[in-house]
Amino acid sequence: MRSIIEHIRQINAERTPVMNLCACLCVVVMLGLANLICHYVLHTDMSFIMPWMLAATALYFFIPALVLWIVTGNPSGRS
C-alpha cells in the first residue's frame, strides 16, 4: 500500500488543489487552441475526441489529489 501512495505522490508532484486547477485550465486552453488549429488550418474534425481528452485531463489532475486527500488527509500529499 505504501508504494502505491508513493507512486500517486510522484504523479501529483506535491501540487496543491489550486495548482492542479490552474494546470488543468492551461491544458484545456491548449487543447482548445489545438482544436481550432486542426479545424481552421488542417481542416480536420477533432470534435469526436475532444470530450475524451478533456475528461482524461481532469482525471489526471484531480484523481491523484483526491486519493491523497482521502488517504493522507492532505491533497498535496505532504506528510
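Numbers here are sequence positions counted from 1.
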Checklist entry - Do you know the tightest heavy-atom contact between I11 and P64? => result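 Answer, listing the atom of I11 first, then P64: CG2-CG, 3.7 Å.
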Checklist outcome for this item: For L68 and T72 the tightest heavy-atom approach is O-OG1, 2.6 Å
Checklist entry - Hey, what do you get for CH2 (W69) to CG (L66), rounding to the nearest 0.5 Å? => result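 One finds 8.0 Å between CH2 of W69 and CG of L66.
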Checklist entry - If you measure from CD1 on I8 to CD on Q10, what distance do you get to the nearest 0.5 Å? => result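 Result: 10.5 Å between the selected atoms.
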Item to check | Verify same cluster id: L54, M46 (apolar side-chain graph, 4.5 Å) | outcome: yes
Checklist entry - Would V67 end up clustered with I4 when hydrophobic side chains under 4.5 Å apart are linked, directly or stepwise? => result yes
Checklist entry - What residues form a side-chain contact (heavy atoms from CB on, under 4.5 Å) with L59, not counting sequence neighbours? => result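 L59 satisfies side-chain contact (heavy atoms from CB on, under 4.5 Å) with I63 once adjacent residues are dropped.
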Which donor-acceptor pairs under 3.5 Å do the side chains of residues 16-42 make with protein atoms, sequence neighbours left out?
| residue | atom | partner | partner atom | Å |
| --- | --- | --- | --- | --- |
| T16 | OG1 | M19 | N | 3.3 |
| N20 | OD1 | R15 | NE | 2.6 |
| N20 | ND2 | N12 | OD1 | 3.4 |
| N20 | ND2 | F61 | O | 3.3 |

Checklist entry - Does a side chain donor of either S47 or D45 reach within less than 3.5 Å of an acceptor in the other side chain? => result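 On atom types as modelled, these side chains qualify, holding a pair under 3.5 Å.
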